[in-house]
*Asks:* 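Dropping the structure in here first, questions after.
Chain identifiers are assigned alphabetically (A, B, ...) following the order of the sequence lines, protein sequences preceding nucleic acid strands; residue numbering begins at 1 within each chain.
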Amino acid sequence: MTQVKRIAGGQIDRTRTLHFSFDGQSLTGHPGDTLASALLANNIRLMGRSFKYHRPRGVFSAGSEEPNALVELRPGARQEPNTRATVAELFDGLTAQSQNRWPNLRFDALSINDRLNAFFTAGFYYKTFMWPAVFWEKLYEPIIRRAAGLGSLSRLDDPDSYDKGFLHCDLLIIGAGPAGLMAALTAGRSGARVILADEDFRMGGRLNAETYGIGDQAGADWAALVLEELATLPSVRLMSRTTILGAFDHGIFSAVERVSDHLAVPLPGKPRQTLWRIYAKRSINAGGATERPIAFENNDRPGIMLAGALRAYANRWGVSVGDRIAVFTNNDDGLRTALDLQAKGVDVVAVIDPRKDGALLPGIRHLRGATVVDTAGRLGLTSITVRLGNGKAETLAVSALGVSGGWNPNLNITSHHRSRPVWNADITAFVPGADGPPGLTSAGAASGAMSTHAALATGQAQALSVLQALGFAHRTDVLPKAEDAPLNLLPLWYAPGGEGRAWIDQQNDVTVKDIKLAHQENMVSVEHMKRYTTLGMATDQGKTGNVLGLALMAELTGQSIPETGTTIYRPPYTPVALGALAGRARGQDFKPLRLTPSHHWAKEQGATFVEVGYWLRTQWLPRPGETTWRQSVDREVLATRKSVGICDVTTLGKIDIQGTDAGAFLDRVYANTFSTLPVGKCRYGLMLREDGMVFDDGTTARLAPHEYVMTTTTANAVAVFRHLEFCRQVLWPDMDVQLISTTEAWAQYSVAGPNARKLLEKIVDQDISDTALPYMGCGAVTIGGLRARIFRISFSGELAYEIAVPTRYGDGLIRRLVAEGAAFEAVVYGTEALGVMRVEKGHVAGNELNGQSTALNMGLGKMVSRKKDSIGMPLSQREAMVAEDGYRLVGVMPVDKTAALSAGSHLLDVGAEPVAANDGGWLTSMVWSPHLGSLIALAYLKAGDQKLGQRMRAVNFMTKQDTLVEIVSPQFIDPQGDRLRG
Amino acid sequence: MIINHPLLGPRDAQEFIYLGDASLIARPDGLTASPQAFLDYAYQRTNPAGLHRELWYHEQGDRSWLVVTRNTVTHEITLVELARDVARREGRSK
Amino acid sequence: MDNNLKSLSALGKPTALILQIGPFKITERMNVALASLATRRGQGTEFKNRAQLAGVPLPPPATSERNDPFGAFWVTPEMWFIEAPLPMFEDIAAKLKAAFGDTASITEQTDAWVRFDLSAPNPSHLLERLSNIDVDRVPDGHASRTVIDHVGCYLIRRNANEVTLYGPRSSANSLLHAITVAAESLL
Amino acid sequence: MRYSGFRVIAEALTGHKGWKPLWRDPDPKAAYDYVIVGGGGHGLATAYYLAKEFKQARIAVLEKGYLGGGNVGRNTTIIRSNYLLDGNEPFYEFSLKLWEGLEQDFNYNAMVSQRGIINLIHTDAQRDAFTRRANAMVLHGADAEMLNRDQVKALYPFLNFDNARFPIKGAIAQKRGGTVRHDAVAWGYARGADQRGVDLIQNCEVIGMRIENGRILGVETTRGHIGAGKVGVAVAGASSRVMDHAGMRLPIESHVLQAFVSEGLKPLIDGVMTFGAGHFYVSQSDKGGLVFGGDIDGYNSYAQRGNLPVIEDVAEGGMALMPMLGRARLLRAWGGIMDMSMDGSPIIDKTDINGLYFNGGWCYGGFKATPASGWCFAHLLARDEPHPKAAAYRFDRFAKGLMIDEKGQGATPNLH
């Protein structure tokens, strides 16, 4: 069996044969085919199963509105569920399989649901499965969930890459049918920057599927010529295989270009898809229209499809879906299907036309005043039952039926800003509302202009008005001649038959009965109806069914359609791969990496790194023989406290603050005072948020009378800078203050420990003795003539300095420090050892700076000067925030030094019930102090300053730890600070 | 959204960080203001459905704070000014 | 022991990177000194006089300007980044301070940035995948901040075929990765 | 009429002729004892509990659109009580307990499904903070567990464990967390309230309040004046607009939050998962769609629609966490208006106007709060004093410095 349904004509390349498979069956097609057209050419009508009833389903449309022919495309990790066969471009080697069926497509066990349809009405599940209560999670829901969904993901990482980009244009034209092409030609010829985007791989829209001409050419040939000219215009960008997904504010559109989906595998380096963000000054929706069906019993069988699709398969793809076909249409457009197929030699058994009046088609059995009321054929259509104008029923043997209930303008994108479509009685359809996205207009069938002539005319007119608005010189070309026939539509939504089901939403199995039940239960507002019946919730987003459902509800309530309501669409226009929306940001590229100046050196040393924001910092540096991280960290801590340790602290934010008001400015943004700080000195600063909570901390140095450098925490560097700019520009706009970040400009290392000075003396050119550079001193120095900065500050509690050189010398400096440090058995320590030492010293860090704590909580209440106004000072004085029994920072040590302790444990009084009322506080940070030979922790404890020396329990229910602890000062070592000043 | 920056022209709003109502410009003096005045400043918002003057910061741009007048129902932006100019106009100085 | 520390490029290499990917030539520039230059409040007139005297250009917003040995691009109101050749301007901040005195706030920025110069017949083919700046339509000399794969950069269009990108030095590898992946996808 | 499996079978066999409307559509009466403004989840739950638990009568719910059309019909359906702070945890645990008996209580299957929620951990600091939280939850009588990396891997082996920018180090889990079919919550409460005599009045927008001598006498609506003994406002994103009728400014901003659903997929994700290193959370509905979201758009908005950057940001988070998602498709995005409060926590309180009560500031966490919010608001309305579980949700907490700031972000609503 090879393509037995091919007939003459079409825009396929018959000189080349493509091999593909469906459910394991090897088949052939041609370039230009979609998977759907190729399957139909091979006489395969059954392609899928519906969601709820597992009804056999075939192709319903010839475009992206397809509800039924959904397949899993491609094998392995590239498996792509729910792919519409109607838009999947055929390529050599394509593999597809049917989905939502078991064990196979022809015999699907869950088609039992179809037999039980009397129970599975709209919303039945809301009324049952409630008893007994535990059965929901244990029994009912697992069964429902197992049956859920359509296609499946492979669970393997997507092997393809995705890209993103940004485009700018004067005019974005959505859709390259007659209206879009005419608009693009008009605008492009005038020199405007135009993007013409179309979801199809072949531009031309309906012109590719129709036999009528434009001017004296076939429509498709006219389209090809226009495209040829457009391609020569430098300001026009043609984007086929590109779907405009959404209209966002101020002329921003998202679009996905399917770069490689027509290939088995993307070419090397090429993305599978590209997400474009398009900035458009103006836009025209020329997205055409979507045909809608008429509901009648068993209108969902494979072989029944939209009339326009039936003739598209014949005209564009050279496929006759059936040998004996019929057409059921309430409008003249549907008649074209019968005429086109008849002209191609297909046996047109009858045209069933509910309209009583009007001319009869020549040479075709044209049944006026008739409707289709039932069909037969388990896995594919075999016959239809027609109710004739005289009321009698007649059964006709047919294998394909084209149905046309009219055309709905594709106004989807015009309602993305929640503009409501407007009912147009002339064409019996909704058209775009006037309050759509500013700058977006519609042309052609999308605007309700249904003839080809009207499409060309409105496309041109809309483009001209855009050109005028944007100030482009333009001319009005004479339009080529094109058909301008009216639809002559007789509204008909539902052709009642007997007691059977008539489908409205094919994928979700919403039938006329469901709409009736929704009405009976007072779910009559459009939103209630949709949500109750699931109408329009399927992957086709109701493109073919929504208006039908609305019209039926209108009939039931006795209201007009516009009175009943409208339905708006949300982005995206068609479902879009999440990979495309993510673009390049995945895996290691999820976020940029920031590397420290010592990174390359540390990597050579086999360091373990840790993510700190976007930074990678050295966590610890294992030495040969060390098998656990604790061994390395303990060594780093002990060696630092004993002799000297080196740590890269470049990641801390550094902000240069200059200007004659710099000191006064700092007094406003810090809770404590900086204007009095002498030049050449540093001071620890505490920064509050306006709500009085601690925002950030760090040391700030005065380098010159009008020049300070502020240090922030790594985590808050960006937020602090933003805040300072707010204070500078918005609160005190006349202060003479200039800000610039210098975080990246300096490689900065902490050198800490009793031998820190001795080590640095070997490196720094200047005198850095205690006299020359006392505790909290700072200044410019040189290293072998190289400009450098030194700050005598300490986070570890040891005699310590931070030494900074221009970043490009950072690698050289760490190597130099290590080399010179060898004499002192210096170590390089990472963030773990840093954390241990700061906890030992009782310094707050990220775990304590949690945004929920005051200076008072941290034991730093005295730093908040109330003699001056500063950010956060006023609100920090609220009653609960200065309460005496509030949280205070304390130290915690287990009474038994071998006992376990963990951060996040809560503190309870000994003997107290473990309930919230007795919750005393919690352990914020916990480390093993090799120095003390014990686990130690910092904690926020209610009235903690009054509880020093008391015993409490540190309870962690997660690890079942309940440890007796002693509350101590948070400064575990050197509370007097002798070491600092050493 | 697009914010028409007074110095740089149209820029994608994604480059900006939003703070909130431009009433945050009018920070009371912390030493003299009543507690209620400070509470109102920090916590109470008009939150209009319609025109809203609001503070945006061009974080991935020139670091200017802007006062943007935007309709919160339609997102239409009708005016963009440098916040520093607005602040001075509203009497803020040092 | 040699007292002179060795310097590394932002990419962690001893020498600057030069990369040709199809039509796109990417050159890392290590020989540029950079400093921020900001007007102190109330010093505007004197500041401008000094700039003129020193030959330091002060281009308007969103633009850059050259006046050898200096280049300058606008950063924020009343602040510019000044470019000058290394090693002559190893101490660019000190040199500028000498020229501007108390009329300006000047901060060393040389090591805060990595600079990649991109040259190609149509740089926008690559840059439209990286940045939302309309590189085809902005004038020569345009300079503004933009985001490339979450990294904040300055983009300067030197002319129709040459664009400079300044990115934060610590993210130099990530920025280069973004550029090369995009360039390779266009081969 | 009572719903049951037997009833469904009986109706199926008799052509479904017997199903009655879920609720009446009464015209508004001249006056009620209680007027609840807002026919969303919280307003309907309030009316339901006022009638059922607090035995009050003459109650109306006024809804400007259709019942359940606000955030209860446009959220990601998650229920949980994994809160940290004393002001919040008892309330949300109370809510979770109410969820657990809800369907039997209002005789409607809202598909309350406790398939568990996990919040992934990527740093030691996160683990410390989550341990504190988990212990706080246990102290409040809720359930919590800490999972290590292997335990997370056993649950969801397809997460990015091997090539992640921010490696997964574990998770905090609450097994009793889960999802609920959101629309059914509104419908269940509406039906239950209607059966107890509450007038549910749709297409009735409040356009003014009649206040004399510091007391509220009723509301002006698009369907005329409606007198009221007490008025309770529960209108989420519209809080500032409605309370403006009483001349009140609130510590609230309205922001848009987008949510997303994928095409229907065969089962992948059993419970709820949040990705702490990106802005992403996800669950899978009983129909197979992945329901996911991320941050709010971040600017004041009443537009019920969002913008592109957040969509991309959320997709990036999803791909970073689950690289298989590249081949799943986003089906729909929608936006809801969140009443973002200044400390990220809600308000259920009296106002300075006699008889006027306020319920709002739910940020994007209102859905899970629905039962407890309704119950506590009903308590406040009926008894004129706060329910103990909601005692912290007062207006005066800002003046006293008793903010309930779970995220520690301060008075910046878009950061909560």
Side-chain angles (χ1 to χ4, degrees), chain A residues 80 82 118-119 124 126-130 133 141 144-145 148-150 152-153 155 157-158 248-249 254 418 517 520-522 525 527 531 539 570-571 575-579 581-582 585-588 590-591 611 689 691 693 846-847 850-852 878-881 903-904 906 916 919 922 957-958, chain D residues 3 5 8 12 16 19 21-22 66 69 103-104 108-109 113-114 125 128 131-132 134-135 138-140 146 158 163 165-166 183-184 263-267 286-288 305 307-308 311-312 315-316 318-320 323-334 400-402 405 408-411:
Chain A
E80 191 188 307
N82 307 332
F119 302 94
F124 79 97
Y126 299 126
K127 299 166 179 164
T128 180
F129 304 137
M130 286 175 282
E141 191 185 38
I144 291 171
R145 284 181 79 81
L150 293 164
S152 51
L153 284 178
R155 295 173 180 249
D157 293 1
D158 184 352
F248 299 93
D249 279 312
S254 61
R418 300 183 64 81
L517 183 63
Q520 183 182 331
E521 299 193 88
N522 197 21
S525 91
E527 289 295 330
R531 289 157 187 266
T539 63
R570 303 184 179 107
V576 55
L578 281 166
L581 293 171
R586 54 178 296 196
Q588 291 294 339
F590 174 45
K591 299 284 169 169
E611 299 78 17
R689 285 193 315 235
D691 71 344
M693 297 294 174
N847 283 14
N850 59 5
Q852 300 160 330
R878 285 176 283 176
E879 64 180 74
M881 295 167 71
H906 284 241
D919 189 4
W922 75 100
F957 302 103
M958 301 300 110
Chain D
Y3 289 158
V8 168
H16 297 284
W19 297 117
L22 270 84
Y66 60 96
E103 294 152 309
Q104 289 70 30
Y108 201 73
N109 183 3
S113 175
Q114 296 177 291
D128 294 348
T131 304
R132 173 195 172 197
N135 283 314
V138 171
L139 286 171
H140 281 286
M146 297 294 286
F158 45 75
N163 185 35
R165 177 73 178 77
F166 300 102
D183 287 327
E263 293 182 338
L265 299 166
K266 290 296 174 196
D286 283 353
K287 281 185 65 190
R305 61 188 174 82
N307 270 299
L308 188 53
I311 300 174
E312 295 184 34
E316 289 175 8
M319 275 296 274
M324 68 173 169
L325 284 188
R327 306 201 88 85
R329 295 194 195 88
L330 169 69
L331 175 60
R332 254 198 333 271
W334 65 95
K400 290 180 174 166
L402 288 168
D405 186 351
Q409 294 290 357

*Asks:* What orientation do D/Tyr108 and A/Tyr126 show, parallel under 30°, tilted 30 to 60°, or perpendicular over 60°?
*Replies:* parallel

*Asks:* Could you tell me if the side chain of D/Phe158 sits less than 4.5 Å from the side chain of A/Asp157, heavy atoms only?
*Replies:* no

*Asks:* Is there a side-chain contact between A/Phe590 and D/Met319, using heavy atoms and a 4.5 Å cut-off?
*Replies:* no

*Asks:* D/Lys266 side chain to A/Gly149 main-chain N or O, any donor-acceptor pair under 3.5 Å?
*Replies:* yes

*Asks:* Less than 4.5 Å apart, side chain to side chain, heavy atoms only: is that true for A/Leu150 and D/Glu263?
*Replies:* no

*Asks:* Pick one of side chain, backbone, both or neither for A/Asn850, based on which atoms fall under 4.5 Å of a heavy atom in chain D.
*Replies:* both

*Asks:* Count the heavy-atom pairs under 4.5 Å between each of D/Gly288, D/Gly318, D/Gly264, D/Ala320 and chain A, then report the option with the highest count.
*Replies:* D/Gly264

*Asks:* Sort out for me which of D/Glu312, D/Arg332, D/Arg305, D/Glu103 touches chain A most, counting heavy-atom pairs under 4.5 Å.
*Replies:* D/Arg305

*Asks:* At a heavy-atom distance under 4.5 Å, which candidate from A/Asp919, A/Asn522, A/Thr539 has the highest pair count against chain D?
*Replies:* A/Asn522

*Asks:* Within the distance-only criterion (no hydrogens, no angle test), does the side chain of D/Asn109 pair as donor or acceptor with the backbone N or O of A/Met130 below 3.5 angstrom?
*Replies:* no

*Asks:* Could you look at A/Ser254 and say if it's the side chain, the backbone, both or neither that has a heavy atom under 4.5 Å from chain D?
*Replies:* both

*Asks:* Among D/Met146, D/His140, D/Lys287, single out the residue with the greatest number of heavy-atom pairs under 4.5 Å to chain A.
*Replies:* D/Lys287

*Asks:* Which atoms of A/Glu141 come close to chain D, meaning under 4.5 Å heavy atom to heavy atom: side chain ones, backbone ones, both, or neither?
*Replies:* side chain

*Asks:* State the CD-CZ distance between A/Gln588 and D/Arg165, to the nearest 0.5 angstrom.
*Replies:* 7.0 Å

*Asks:* Going by salt bridge (Lys or Arg N to Asp or Glu O under 4.0 Å), name the residues that satisfy it together with D/Glu316, two or more places apart in sequence or in a different chain.
*Replies:* A/Lys164

*Asks:* Checking heavy atoms, do the side chain of D/Asp183, its backbone, both or neither come under 4.5 Å from chain A?
*Replies:* side chain

*Asks:* Distance from A/Glu879 atom CD to D/Leu402 atom CG, nearest 0.5 Å?
*Replies:* 7.0 Å

*Asks:* What part of A/Met693 is in contact with chain D, defined as an atom under 4.5 angstrom from a non-hydrogen atom: side chain, backbone, both or neither?
*Replies:* side chain

*Asks:* Taking all heavy atoms of D/Gly326 and all of A/Ala577, pick out the closest pair and write down the distance.
*Replies:* O-CB, 3.4 Å

*Asks:* Between A/Asp691, A/Leu517, A/Asn82, who has the most heavy-atom pairs with chain D when the cutoff is under 4.5 Å?
*Replies:* A/Asn82

*Asks:* Which atoms of A/Arg689 come close to chain D, meaning under 4.5 Å heavy atom to heavy atom: side chain ones, backbone ones, both, or neither?
*Replies:* side chain

*Asks:* In Å and rounded to the nearest 0.5 Å, what is the CG to CG distance from D/Leu325 to A/Leu581?
*Replies:* 11.0 Å

*Asks:* For the residue pair D/Trp19 and A/Lys127, establish whether any side-chain heavy-atom pair is separated by less than 4.5 Å.
*Replies:* yes

*Asks:* How long is the gap from NE2 on A/His906 to CZ on D/Arg132, to the nearest 0.5 Å?
*Replies:* 6.5 Å

*Asks:* Between D/Gly5 and A/Thr128, what is the shortest heavy-atom contact and its length?
*Replies:* CA-OG1, 3.1 Å

*Asks:* Do D/His16 side-chain atoms and A/Ala118 backbone N/O form a donor-acceptor pair below 3.5 Å?
*Replies:* yes

*Asks:* Counting heavy-atom pairs closer than 4.5 Å to chain A, which one of D/Leu265, D/Ile311, D/Asn135 comes out on top?
*Replies:* D/Asn135

*Asks:* Does any backbone or side-chain atom of D/Gln114 lie under 4.5 Å from a heavy atom of chain A? Answer side chain, backbone, both or neither.
*Replies:* both

*Asks:* Of all of A/Ser525, A/Ala133, A/Gly904, which one pairs up most often with chain D through heavy atoms under 4.5 Å apart?
*Replies:* A/Gly904

*Asks:* Could you check whether any side-chain N or O of D/Asn307 sits under 3.5 Å from a backbone N or O of A/Asp249, counting only pairs where one atom can act as donor and the other as acceptor?
*Replies:* yes

*Asks:* Please test A/Gln852 against D/Asp405 for side-chain hydrogen bond (donor to acceptor under 3.5 Å, both in side chains), starting from the C-alpha separation and ending with a verdict.
*Replies:* CA-CA 7 Å; A/Gln852 300 160 330; D/Asp405 186 351; 5.5 Å; no

*Asks:* Which one wins on heavy-atom pair count under 4.5 Å against chain A: D/Gln104, D/Met324, D/Arg329?
*Replies:* D/Arg329

*Asks:* Do A/Glu521 and D/Pro21 have side chains that get closer than 4.5 Å, going by heavy atoms?
*Replies:* no

*Asks:* With a 4.5 Å cut-off on heavy-atom pairs, point out which of D/Ala184, D/Ala134, D/Gly69, D/Ala328 contacts chain A the most.
*Replies:* D/Ala328

*Asks:* Of all of A/Glu611, A/Arg531, A/Arg570, A/Arg586, which one pairs up most often with chain D through heavy atoms under 4.5 Å apart?
*Replies:* A/Arg531

*Asks:* List in chain and number order the residues that pass salt bridge (Lys or Arg N to Asp or Glu O under 4.0 Å) with D/Arg327, two or more places apart in sequence or in another chain; answer none if no residue qualifies.
*Replies:* A/Glu80, A/Asp158, A/Asp160

*Asks:* Taking atom CG of D/Asp286 and atom CD1 of A/Ile144, what is their separation to the nearest 0.5 Å?
*Replies:* 6.0 Å

